Undergrad: 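Sharing a structure here in structure tokens format.
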There are 2 protein chains.
Amino acid sequence: MDEFIDNKMIFKKYKIKNTEQRNIVLDILKREKKPLTAEEIFMKARKKDKNINLSTIYRTINIFVSKGIAIKLNIERENKSMFQLNMIDHQHYIRCISCNKKISIDICPIIGYEYFLEENTDFHIIGHNLELYGYCSKCKDKKQ
Amino acid sequence: MDEFIDNKMIFKKYKIKNTEQRNIVLDILKREKKPLTAEEIFMKARKKDKNINLSTIYRTINIFVSKGIAIKLNIERENKSMFQLNMIDHQHYIRCISCNKKISIDICPIIGYEYFLEENTDFHIIGHNLELYGYCSKCKDKKQ
DNA sequence: GTCCATGCAAAGGCTTTGCATTATA
DNA sequence: TATAATGCAAAGCCTTTGCATGGAC
């Protein structure tokens with residue numbers, strides 16, 4: 001399991017046990033660029049470990065979020081959460097609230113603001129959620 | 001029901017029927033500055049109309065969100081949504097992911113960015129969700 | 001060996017939906 | 001009067017939890 005080598009350091013850093021299931025979830029989050037639902041992570045994890053359980057996925061991502069390894073995004077129209085690694089080079093989206101189409105935007109207007117807040121509040125900020133939404137060109141026209 | 005006068009115009013504008021229940025929900029959203037859960041809206045609505053049903057609250061806020069009258073905020077740690085009017089002078093928060101304490105921040109770093117995106121994409125943007133999170137001073141110290 | 005993580009099954013909690021009734025335009 | 005909204009009850013779905021077992025340190 002050579003691919004797990006630097007995972008080991010992450011688990012050490014955050015003082016959580018290095019288990020096979022956590023390695024699998026972390027690898028999935030590393031590999032994917034887009035946010036994933038717990039169910040999607042579960043499906044991908046099943047390919048590596050046929051016995052892995054959905055509750056383990058939830059427990060794992062909850063731990064990752066509490067440590068700041070991952071972030072929880074509740075940005076979907078559906079009532080479920082999405083998760084992705086808490087990286088510097090994350091992405092934001094504009095979502096059409098009519099057809100659900102999403103386009104990604106290249107600039108994060110928050111990153112700089114986080115540094116400002118870090119200096120001007122006593123919070124240690126580890127991440128943010130941002131979603132912009134509206135109507136895409138097609139649905140905008142359809143409304144007339 | 002004089003207080004419903006300008007609600008009437010809103011319902012007309014968005015082409016939805018002017019019902020007593022929708023007036024009650026809209027008034028609650030107008031009165032409150034902070035985001036509310038469906039349950040909280042329901043509790044407040046019950047004081048005006050003892051028979052109003054939770055499913056009506058959900059249907060009402062879902063319509064409001066689809067029209068851009070209100071926005072849906074999935075910013076809570078709990079897995080439930082919050083709702084507030086889609087106003088210009090909204091507020092954002094930094095939330096402590098350990099104790100859930102929130103402090104409000106005065107500047108919205110997104111508003112200006114929305115205008116930029118409105119001009120540089122073909123989306124008509126009607127709102128955004130932003131939450132910043134981290135650890136407050138107390139929980140930051142506790143971690144060591 | 002101790003303590004934590006996992007699998008399984010069940011429960012919990014938020015939200016949506018079908019249908020008969022009621023209210024709006 | 002035709003159409004849409006509501007109340008009620010039930011279902012749906014995402015997520016968490018209790019407990020016995022298994023695995024990491």
Side-chain angles (χ1 to χ4, degrees), chain A residues 1 4-5 7-26 35-43 45-46 48-67 69-70 72-83 97 100, chain B residues 1 4-5 7-26 35-43 45-46 48-67 69-70 72-83 97 100:
Chain A
M1 306 276 157
F4 291 169
I5 280 182
N7 290 354
K8 208 169 178 174
M9 293 172 60
I10 293 177
F11 296 139
K12 201 161 209 169
K13 177 180 175 190
Y14 292 104
K15 288 168 188 154
I16 57 177
K17 280 190 182 169
N18 177 11
T19 70
E20 200 200 330
Q21 291 89 339
R22 286 176 180 166
N23 273 288
I24 290 171
V25 172
L26 186 50
L36 299 169
T37 63
E39 189 70 28
E40 287 167 339
I41 296 169
F42 178 54
M43 291 307 187
R46 273 265 157 122
K48 286 263 177 181
D49 175 357
K50 284 194 166 56
N51 293 318
I52 199 167
N53 194 275
L54 183 55
S55 65
T56 303
I57 305 294
Y58 275 107
R59 281 192 270 234
T60 301
I61 54 190
N62 281 340
I63 274 223
F64 285 3
V65 169
S66 76
K67 298 294 181 182
I69 299 170
K72 184 176 183 177
L73 304 160
N74 293 304
I75 56 175
E76 285 301 298
R77 198 182 197 185
E78 310 94 77
N79 297 305
K80 57 188 160 188
S81 301
M82 306 194 86
F83 303 89
I97 61 174
N100 228 26
Chain B
M1 305 275 156
F4 291 168
I5 280 181
N7 290 353
K8 207 169 178 174
M9 294 171 59
I10 294 178
F11 297 140
K12 201 160 209 169
K13 177 179 175 190
Y14 291 105
K15 288 168 190 153
I16 57 177
K17 280 190 180 167
N18 177 11
T19 70
E20 200 200 329
Q21 291 88 341
R22 286 176 181 165
N23 273 289
I24 290 170
V25 172
L26 185 50
L36 299 170
T37 63
E39 189 71 28
E40 287 167 340
I41 296 169
F42 177 55
M43 291 308 187
R46 273 266 156 121
K48 286 262 177 181
D49 175 357
K50 284 193 165 56
N51 292 317
I52 199 167
N53 194 273
L54 184 54
S55 65
T56 302
I57 305 295
Y58 274 108
R59 281 191 271 234
T60 302
I61 53 189
N62 281 342
I63 274 224
F64 285 2
V65 169
S66 76
K67 298 294 182 183
I69 300 170
K72 183 177 183 177
L73 303 160
N74 294 304
I75 56 175
E76 285 301 298
R77 198 184 198 183
E78 311 94 74
N79 297 305
K80 57 187 159 189
S81 302
M82 305 193 87
F83 303 89
I97 61 175
N100 227 27

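Atoms considered below: every heavy atom in the structure, side chains included; atoms not considered: hydrogens, waters and symmetry mates. Per chain, numbering begins at 1; letters A, B, ... match sequence-line order. Computed from a predicted structure; not experimentally measured.
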Undergrad: Search all heavy atoms of Ile16(A) against all heavy atoms of Phe64(A) and return the closest pair with its distance.
TA: CD1-CE1, 4.1 Å
Undergrad: Which residues pass the side chain to side chain donor-acceptor pair (under 3.5 Å) test with Asn53(B), not counting sequence neighbours?
TA: Ser55(B)
Undergrad: Please tell me if Tyr58(B) has a side-chain N or O lying less than 4.0 Å from either OP1 or OP2 of dT15(C).
TA: yes
Undergrad: Measure the distance from NZ on Lys80(A) to C1' on dT16(C) and round it to the nearest whole Å.
TA: 14 Å
Undergrad: Nearest-Å distance, CE (Met43(A)) to C1' (dC14(D))?
TA: 14 Å
Undergrad: List in chain and number order the residues that pass side chain to side chain contact (heavy atoms under 4.5 Å, CB included) with Tyr58(B), two or more places apart in sequence or in another chain; answer none if no residue qualifies.
TA: Ala38(B), Leu54(B), Ile61(B)
Undergrad: With Glu40(B), which residues qualify under side chain to side chain contact (heavy atoms under 4.5 Å, CB included), at least two apart?
TA: Leu36(B), Thr37(B), Met82(B)
Undergrad: Please check if any side-chain donor atom of Asn23(A) sits under 3.5 Å from a side-chain acceptor atom of Asn18(A), or the reverse.
TA: yes
Undergrad: For nucleotides 2-7 of chain D, give me one character per nucleotide, 5' to 3': B if any protein heavy atom sits under 4.0 Å from the base, S if the only such contacts are to the sugar-phosphate, - if neither.
TA: -BSSBB
Undergrad: Whole angstroms only, please: what is the CG-C1' distance between Asn7(B) and dT24(C)?
TA: 16 Å
Undergrad: With sequence neighbours left out, what residues match Lys12(B) under side chain to side chain contact (heavy atoms under 4.5 Å, CB included)?
TA: none
Undergrad: Specify the angle, to 10°, made by the local axes at the two ends of the helix from dG1(C)-dC25(D) to dA25(C)-dT1(D) when five pairs are taken at each end.
TA: 50°
Undergrad: May I ask you to evaluate whether Asn62(B) reaches the phosphate of dT15(C), defined as a side-chain N or O under 4.0 Å from OP1 or OP2?
TA: no
Undergrad: When the distance from CG of Asn23(B) to P of dA25(C) is rounded to whole Å, what number comes out?
TA: 10 Å
Undergrad: For a side-chain contact (heavy atoms from CB on, under 4.5 Å) with Ile24(B), tell me which candidate from Thr60(B), Ile41(B), Asp49(B) qualifies.
TA: Asp49(B)
Undergrad: Restricting to non-hydrogen atoms, name the atom on Phe11(B) and the atom on Lys17(B) that form the minimum distance, rounded to 0.1 Å.
TA: CG-O, 4.4 Å
Undergrad: Check the distance between dT15(D)'s C1' and Phe42(A)'s CZ and give it to me in whole angstrom.
TA: 13 Å
